[in-house]
Amino acid sequence: MNWLRTLPLFALIVPLVAGCSAGTDSTFEVPKPPTESSGEPYSRPTADEMKIVLPRDAIPAIFEPTFLTVSDANEVYGDEEPIIGVEIDGEAHAYSTIHLNGHEIVNDEIAGRKIAVTW
């Protein structure tokens, strides 16, 4: 089966599943952090107070990014598109923050230097 055909179905199922489990833990409260005026010492949350939303390495990094030419990027992205721009020794790369929302890290090389772009 072509995974692109299943994508719309997946987009419908995820909110339904999330909605079904949304009210199951109504007793969970997020503790307020201590303030200077409260006089309370900071204590690290215990394991039973913490909730893991995503398992470790659930958001894949980009290891071999591909880039558009400036003219192609101007057709795809609007003028207000938020980006992270990096220039080293006259070589520049731009990373769409909207695209990075699903990856958070890009491992790249610019002008022979290895870099990591994080979002």
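Side-chain atoms are counted along with the backbone in the values below, which use heavy atoms only and exclude waters and symmetry mates.
Here the closest heavy-atom approach between residue Gly102 and residue Pro60 is recorded as O-CD, 4.2 Å.
Between the OG1 atom in Thr97 and the CD atom in Glu104 there is a gap of 12.0 Å [rounded to 0.5 Å]. Atom CG of Asn74 and atom CG of Asp79 lie 7.5 Å apart (nearest 0.5 Å).
At distances below 3.5 Å, not a single donor-acceptor pair connects side-chain atoms of Asp72 with backbone N or O atoms of Leu68. For Ser96 (side chain) and Ile83 (main-chain N/O), no donor-acceptor pair under 3.5 Å exists by modelled atom type. Judged by distance alone, the side chain of His103 and the main-chain N or O of Ala61 form no donor-acceptor pair under 3.5 Å.
Residues Ile62 and His99 have side chains in contact (heavy-atom distance under 4.5 Å, counting atoms from C-beta outward). Taking 4.5 Å as the limit, some side-chain heavy atom of Val86 sits within range of a side-chain heavy atom of Ile110. The side-chain heavy atoms of Val106 and His93, taken from C-beta on, include no pair separated by under 4.5 Å.
Ile105 and Ile59 fall into different hydrophobic clusters, where Ile, Leu, Val, Met, Phe, Trp and Tyr residues are linked whenever their side-chain heavy atoms come under 4.5 Å apart, directly or through other members. Each of Ile98 and Val117 belongs to its own hydrophobic cluster when Ile, Leu, Val, Met, Phe, Trp and Tyr are linked at side-chain heavy-atom distances under 4.5 angstrom.
Using cut-offs of 30° and 60° for the angle between ring planes, the Tyr95 and Phe67 rings count as perpendicular.
Using a cutoff of 4.0 Å between basic side-chain nitrogens and carboxylate oxygens, Asp108 and Lys114 are not scored as salt-bridged.
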